[in-house]
Amino acid sequence: MRGVGGADELRVTSEHELLTSFRSFVRSEGARLYRDLPWRNTRDPYAVWISEVMLQQTQVPRVQTRWGAWLEHFPSVFALAEASAAEVLGEWQGLGYNRRALALKSAAEIVVNDYDGVFPTEVRSLTALPGIGPATAQGIRAFAFNLPGVYLETNVRAVFLHHLYPDAPAVPDRELIDPIERTCPGLDAPYAQPQDDTDTPQAWYWALLDYGAELKRLVPNPSRRSRSYAKQSRFEGSRRQKRAEIVRILLAAQGQALDLETITAKLNQVELLAARPHVGTDLVQEIMADLSVEGFCVDTGCAWTIA
DNA sequence: GTCCGGCAGT
DNA sequence: ACTGCGGGAC
C-alpha cells in the first residue's frame with residue numbers, strides 16, 4: 001500500500017493516517033464531481049436495483065436514456081413479475097447483454113412470491129437472486145438501504161489501485177477488500193468513524209464512483225492492474241453479435257414461430273447488409289439451442305417463438 | 001482498438 | 001481461473 005494523492009499532499013506516518021486522509025480526499029473529490037443521476041434521487045429498492053443491473057458493464061450515459069422509460073413501463077416489482085419475457089426484452093433492447101433482462105424478470109417473480117414484493121437486504125438473499133452478484137448486492141445495500149459493505153466494482157477498484165497500489169502490476173481483489181472495509185462508513189474500523197450525518201455508505205460510494213470515473217479520464221485505466229482484468233473479445237463478427245441479432249428477429253416476429261431456415265435467412269439479410277460472411281444453419285441451430293436453454297425462446301418442435 | 005457502476009456457467 | 005455475453009461512444 002502506498003501514499004495517497006501526491007506524496008507532497010500528505011505526510012503519511014501510519015496506515016491509520018493513510019486511510020483517514022484517503023477518506024477525506026475522496027469525500028472532497030466526490031463533492032466536487034458529484035453527478036446528479038436520476039436513480040440517485042430515489043431510495044426505492046426496485047428502482048435502485050434496476051439501475052444497478054442496467055449499469056453492469058454498461059456506461060452511465062446509456063443507462064440515463066433508458067432507466068426512466070423502464071420504470072414507466074414496469075413501475076414496480078409486481079409489474080415486472082407479471083410482464084412477458086418478450087415485453088421485457090423489448091424494453092431492454094439497446095442496453096446489451098440481454099440475459100440481464102430475463103434475470104430481472106425471474107428475480108422479480110422470486111421477490112414477489114418469496115418476499116411478498118419486499119426487497120431483501122441481506123447479501124446472501126440478494127446474491128441468491130438471478131443477475132445479482134456481490135457487486136450489485138452491495139450497490140443495492142448502499143444506495144437503497146444506506147447499509148455498509150464492500151462494494152467492489154470497476155470505479156472503486158480504480159480509485160483504490162491508483163492511490164494505494166500505484167506501482168503494483170497485478171493486484172488481486174482480495175488485497176482490496178481490507179482497505180475497502182476499513183474506509184466504508186459504518187464498518188467497524190477506527191478510520192470509519194462517521195464525521196457527520198452526511199458520512200454514510202451511500203455518500204461514500206457515490207463519491208468513489210464519481211471520483212473513479214473522473215480518474216479514468218485523467219490516467220490510464222488503473223483497473224488494468226487488477227488481476228481480474230481481462231481484455232474482452234472482439235464483438236464485430238462475433239457469435240454474440242449474431243445471437244443478439246437473432247433475439248431481435250424473434251422479437252420482430254411478434255410471437256410468431258420461426259423455423260431454422262427462416263431465422264437463418266433473416267440473419268443473413270443482416271449479415272449481407274453489414275458485409276459479413278454468410279452464416280450456416282448449423283451455427284444458427286447451436287445458438288437457438290442456447291437461447292432456448294436460457295429462456296429467451298421456446299422450442300415448438302422445429303420452430304421457435306420468443307418466450 | 002478501448003471500455004463500460006458484472007454475472008453465471010464450467 | 002477462464003469464457004461468453006451487447007452495443008455504442010470515443
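In what follows, every chain begins at residue 1, and chains take the letters A, B, ... in the order their sequences are listed. Treat the numbers as computed from the prediction; the structure is a model and nothing was measured.
Of the N and O atoms on the side chains of A:Lys216 and A:Ser223, not one donor lies less than 3.5 Å from an acceptor on the other residue. At a cut-off of 3.5 Å, with distance as the only test, a side-chain donor of A:Thr136 or A:Gln56 sits close to an acceptor on the other residue.
In this structure, A:Phe119 and A:Trp49 have tilted ring planes: the angle between them lies in the 30° to 60° band.
Residue-level contact check: A:Ile140 touches neither bases nor backbone, having no heavy atom under 4.0 Å from any strand. Within 4.0 Å of A:Val156, counting heavy atoms only, lies no atom of the nucleic acid at all.
Under 3.5 Å, the side chain of A:Glu153 and the base of B:dG6 form no donor-acceptor pair of N or O atoms. Judged by atom type and distance alone, A:Tyr151 reaches the base of B:dG5 through a side-chain donor-acceptor pair under 3.5 Å. For A:Trp206 against B:dG5, a side-chain-to-base donor-acceptor contact under 3.5 Å is absent.
Tracing side-chain contacts under 4.5 Å through hydrophobic residues (I, L, V, M, F, W, Y), one never reaches A:Tyr229 starting from A:Leu164; they form parts of separate clusters.
Hydrophobic cluster of A:Val284: the remaining members, joined at side-chain heavy-atom separations below 4.5 Å, are A:Leu89, A:Leu102, A:Ile246, A:Val247, A:Ile249, A:Leu250, A:Leu251, A:Leu258, A:Leu260, A:Ile263, A:Leu267, A:Val279, A:Leu283, A:Ile287, A:Met288, A:Leu291, A:Phe296, A:Trp304, A:Ile306, listed by chain and number.
Under 4.0 angstrom from either OP1 or OP2 of B:dC4 there lies at least one side-chain N or O belonging to A:Asn221. For the pair A:Arg224 and B:dC3, the criterion of a side-chain N or O lying under 4.0 Å from OP1 or OP2 is met. The phosphate of B:dG5 has neither OP1 nor OP2 within less than 4.0 Å of any side-chain N or O from A:Thr154.
Each of A:Ser223 and A:Thr136 lies near DNA chain B, and the nucleotide nearest A:Ser223 is the one positioned closer to the 5' end.
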query = Hey, mind stepping through A:Arg157 and A:Glu153 against salt bridge (Lys or Arg N to Asp or Glu O under 4.0 Å) and telling me if it holds?
reply = CA-CA 6 Å; A:Arg157 188 180 283 121; A:Glu153 52 71 70; over 6 Å; no

remark   = Whether each nucleotide of nucleotides 2-10 of chain C has a protein heavy atom under 4.0 Å at its base (B), only at its sugar-phosphate (S) or at neither (-) is summarised, 5' to 3', as --BBBBB--

